[in-house]
Amino acid sequence: MITINVIENQISGSYGDTPFSVNYSKDTYRKMMELYDRQESVTTMDEYNALMEEFATLTVQDYKTTVETACPWIYVNEGTGEFFLKHEGVVSSIPMPKALVDRIFESLDKDANFMPLVKMWIRFLRNPILRRKMDADSGDKFTEKFFNFVNLQYVHPKLKAELMDEHGLSEEVAESRATTYQMKITQEGLLNGYKVSEEIMYAYDRETGEIVDRYKRTFNPDTGEIEEGGLPEFVEDRLFQPAIMGNSGDAFYCEGPNGYANPGHFIKVGCTHRLPDWSYVNTNDNSSCVKGLHFGGLKYIAYYSGEIHNIFVDPMHVGAVPDDETGAIRCLQYFVHSSLAGVNGSIYHSSTYAAKTDEEWEEMRKEAVQAYTECMDDCQNDIAELNAL
């Protein structure tokens, strides 16, 4: 017996004892309904089995056609089932990891825009560390861990409790609604993650060098309690340092209108924070708590106390993913665009930072192409791929 249901953008049901679910299309639905009507005229088991076999062909989801039609930037290898980036007629030599493919399928099933995922993959392909790891046969592990991390989900405990206590939802429904991806992805393919810091509340007297309060506070004369914290109106005017390392470890640049000319250990909203070069980042995915700039998702920041900053990271700046379940990612550079510590005085768009890293990529690409040109005959495919990213 055949049963057919249409729910949102899916056709689901069963034929015989076999359940099915495929993306809705008028043509597929029409053909299924024709077979559904024909089942009433079946009189023998041979006719029944033939009908079931014919129906079964309609339940095979052709993801190759679906994906390539929905996004011409993706190429599916029919022989291996692997997905590759295709841009300007050039197919990438590096297959997409399963975690990314699964996320694209999920977006297709929900009729959601998956172009941010594709753009994130393009930016990741620009990563010079990925190229090194591919040459060392560790690139597949690197990409899989990176996208496993991007796919991590988090159940927000306060939201879950609120949905149960104030709205009367069951624990199962509340948990489902309170579940979100730990790492957001911008329209440009940047990661929108988190950084935990400690605010620097002291300063040094210019004349004596003595430690003094950074901000002027007023106190209640009777109780001694702080009445005014003296904090600046905008968070860009406040100063932070890494929560764990403090002022130890390698110095990094804090660049922006309110930044510093020389490397130090300062974090400021509205600034790009970067290490001098990749030699300052431990890119071993099996090592934790080693050199490099660190950031993470919601689970990561839950382990630390301090001020929480929202940051943009270009995937081409990711150096290692030591823990793709709850840990941090090590990177070369990130941009702090806001903080839970205070209110912004300016708005920092992801598109602005993406344009900046795109300019950096142009210089990197030119240098890489120049290097490949020296071995032109053997490197034509590599040059074409770099130029297509």
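In this chain, numbering begins with 1 at the start of the sequence shown.
Between Tyr334 and Phe295, the distance separating the two ring centers is not shorter than 6.0 angstrom. Here the two rings, on His309 and Phe240, have centers that are under 6.0 Å apart. For Phe124 and Phe147, the ring centers sit closer than 6.0 Å to each other.
No side-chain heavy atom of Cys254 sits less than 4.5 Å from a side-chain heavy atom of Ile267. Two residues are said to be in side-chain contact when any heavy atoms from C-beta on lie closer than 4.5 Å; Ser339 and Ile308 fail this criterion. Contact of the Lys160 side chain with the Glu171 side chain is registered, since non-hydrogen atoms from C-beta on lie closer than 4.5 Å. Side-chain contact between Trp121 and Pro97: present, with at least one pair of heavy atoms (C-beta onward) separated by less than 4.5 Å. No side-chain heavy atom of Tyr48 sits less than 4.5 Å from a side-chain heavy atom of Leu51. With contacts defined as side-chain heavy-atom distances shorter than 4.5 Å, the pair Lys291/Leu275 does not qualify. Contact annotation: the side chain of Arg330 never approaches that of Thr283 to less than 4.5 Å [non-hydrogen atoms, C-beta and beyond]. The shortest distance between side-chain heavy atoms of Ile311 and Tyr353 does not fall below 4.5 Å.
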(message) salt bridge (charged side-chain N to carboxylate O under 4.0 Å, His left out) for Arg30 and Glu34? Distances and angles first, verdict last.
(response) CA-CA 6 Å; Arg30 177 183 59 79; Glu34 288 177 357; 2.9 Å; yes

(message) Run the side chain to side chain contact (heavy atoms under 4.5 Å, CB included) test on His265 and Met245 for me, step by step, so that the C-alpha distance in whole Å, both residues' side-chain angles and the decisive distance to 0.1 Å come before the verdict.
(response) CA-CA 9 Å; His265 299 89; Met245 296 301 292; over 6 Å; no

(request) Report the C-alpha separation of Val269 and His337 in whole Å, then their side-chain angles, then the decisive distance to 0.1 Å, and conclude whether the side chain to side chain contact (heavy atoms under 4.5 Å, CB included) test is met. (result) CA-CA 6 Å; Val269 174; His337 65 82; over 6 Å; no

(request) Begin with the C-alpha distance, continue with both residues' side-chain angles, and end with the deciding distance and a verdict on side chain to side chain contact (heavy atoms under 4.5 Å, CB included) for His294 and Ile329. (result) CA-CA 6 Å; His294 294 68; Ile329 286 181; over 6 Å; no

(request) Decide side chain to side chain contact (heavy atoms under 4.5 Å, CB included) for Glu307 and Glu198; before the verdict, give the C-alpha distance in whole Å, the side-chain angles of both, and the deciding distance to 0.1 Å. (result) CA-CA 6 Å; Glu307 304 297 347; Glu198 178 183 67; over 6 Å; no

(request) Any chance you could lay out the salt bridge (charged side-chain N to carboxylate O under 4.0 Å, His left out) test for Asp358 and Arg123, step after step, and finish with the verdict? (result) CA-CA 9 Å; Asp358 285 342; Arg123 292 184 180 279; 3.0 Å; yes

(message) Go through it in stages, so that I can follow the logic: the residues are Phe55 and Phe20, the test is ring-ring contact (aromatic ring centres under 6.0 Å, His included), and I'd like the CA-CA distance, side-chain angles, deciding distance and then a yes or no.
(response) CA-CA 11 Å; Phe55 191 90; Phe20 72 91; 5.4 Å; yes

(request) For Glu188 and Thr186, run side chain to side chain donor-acceptor pair (under 3.5 Å): C-alpha distance rounded to whole Å, both residues' side-chain angles, the deciding distance at 0.1 Å, then the answer. (result) CA-CA 5 Å; Glu188 301 80 18; Thr186 73; 2.9 Å; yes

(message) Pair Glu144, Lys98 - check salt bridge (charged side-chain N to carboxylate O under 4.0 Å, His left out), show working.
(response) CA-CA 7 Å; Glu144 197 68 37; Lys98 184 178 182 301; over 6 Å; no

(request) Take Lys184 and Asn310, measure what side chain to side chain donor-acceptor pair (under 3.5 Å) needs, and give me the verdict at the end. (result) CA-CA 11 Å; Lys184 299 176 183 177; Asn310 300 299; over 6 Å; no

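For the 3.5 Å distance criterion, the side chains of Asp46 and Thr44 fail to qualify, holding no donor opposite an acceptor. In this model, no donor atom of one side chain and acceptor atom of the other lie less than 3.5 Å apart for Asn127 and His317. No hydrogens or angles considered: nothing links the side chains of Asn284 and Lys133 as a donor-acceptor pair under 3.5 Å. Inspection of the Glu236 and Tyr348 side chains reveals an N or O donor paired with an N or O acceptor under 3.5 Å.
What you find for Ser305 and Val196 is that their closest heavy atoms are O-CG1, 3.7 Å. In terms of heavy atoms, Phe266 sits closest to Phe252 at O-CE1, 3.1 Å. Nearest approach of Tyr253 to Ala261, heavy atoms of both residues: CE2-O, 4.1 Å. Closest approach of Ala251 to Pro276, counting heavy atoms only: O-CD, 4.1 Å. Residue Lys268 comes nearest to Asn258 through the heavy atom pair CD-O, 3.2 Å, listed as atom of the first residue, atom of the second, then distance.
For Tyr29, the OH atom is loosely surrounded, since the number of other residues' heavy atoms within 6.0 Å does not exceed 12. Counting non-hydrogen atoms of other residues, nucleotides and ligands closer than 6.0 Å to OH of Tyr280 gives a total of 12 or fewer. Counted within 6.0 Å of CZ on Arg214, heavy atoms from surrounding residues, nucleotides or ligands total more than 12; the atom is thus considered enclosed. In this structure, Asn220 places its CG atom where more than 12 heavy-atom neighbours from other residues, nucleotides or ligands lie under 6.0 Å away. Sparse packing is recorded around CZ of Arg206, with 12 or fewer heavy atoms of other residues, nucleotides or ligands lying under 6.0 Å away. Within a 6.0 Å sphere centred on CD of Glu225, other residues, nucleotides and ligands contribute 12 heavy atoms or fewer.
Between Arg38 and Glu54 there is a salt bridge, with a side-chain nitrogen of the basic residue lying less than 4.0 Å from a carboxylate oxygen of the acidic one. The pair Arg274-Glu255 counts as a salt bridge, with a side-chain nitrogen and a carboxylate oxygen less than 4.0 angstrom apart. Ionic pairing of Arg365 and Glu362 is present here: one or more N-O contacts between side-chain nitrogen and carboxylate oxygen are shorter than 4.0 angstrom.
Seen from the ring of Phe142, Arg132 does not count as a face-on cation partner, given the 6.0 Å and 45° thresholds.
With hydrogens and angles ignored, the 3.5 Å screen pairs no side-chain donor or acceptor of Asp213 with any backbone N or O of Tyr215. Looking at Thr3, its side chain never comes within 3.5 Å of a backbone N or O of Gly13 through a donor-acceptor pair.
Here CG of Asp27 is found 10.5 Å from CE of Met32. Values are rounded to the nearest 0.5 Å. How far CD1 of Ile301 is from NZ of Lys195: 12.0 Å, rounded to the nearest 0.5 Å. For the atom pair Gln39 CD and Glu47 CD, the distance stands at 13.0 Å (nearest 0.5 Å). Atom OG of Ser350 and atom CG of Asn192 lie 8.0 Å apart (nearest 0.5 Å). Distance CD1/Ile2 to OG1/Thr18: 11.0 Å, rounded to 0.5 Å. Considering CD1 of Ile94 and CG of Leu130, their distance stands at 4.5 Å, rounded to 0.5 Å.
Residues Leu152 and Tyr194 do not share a hydrophobic cluster, defined by chaining ILVMFWY side chains whose heavy atoms lie under 4.5 Å apart. There is a path of hydrophobic side-chain contacts, each under 4.5 Å, that joins Phe335 to Met183. At a threshold of 4.5 Å between side-chain heavy atoms, the hydrophobic network of Ile, Leu, Val, Met, Phe, Trp and Tyr places Val155 and Leu163 in two separate groups. Side-chain heavy atoms closer than 4.5 Å link hydrophobic residues (I, L, V, M, F, W, Y) into clusters, and following such links, possibly through other members, connects Val173 to Leu159. A single hydrophobic cluster is not seen to contain both Val336 and Leu298; linkage of ILVMFWY side chains at heavy-atom distances under 4.5 Å, directly or through other members, places them apart.
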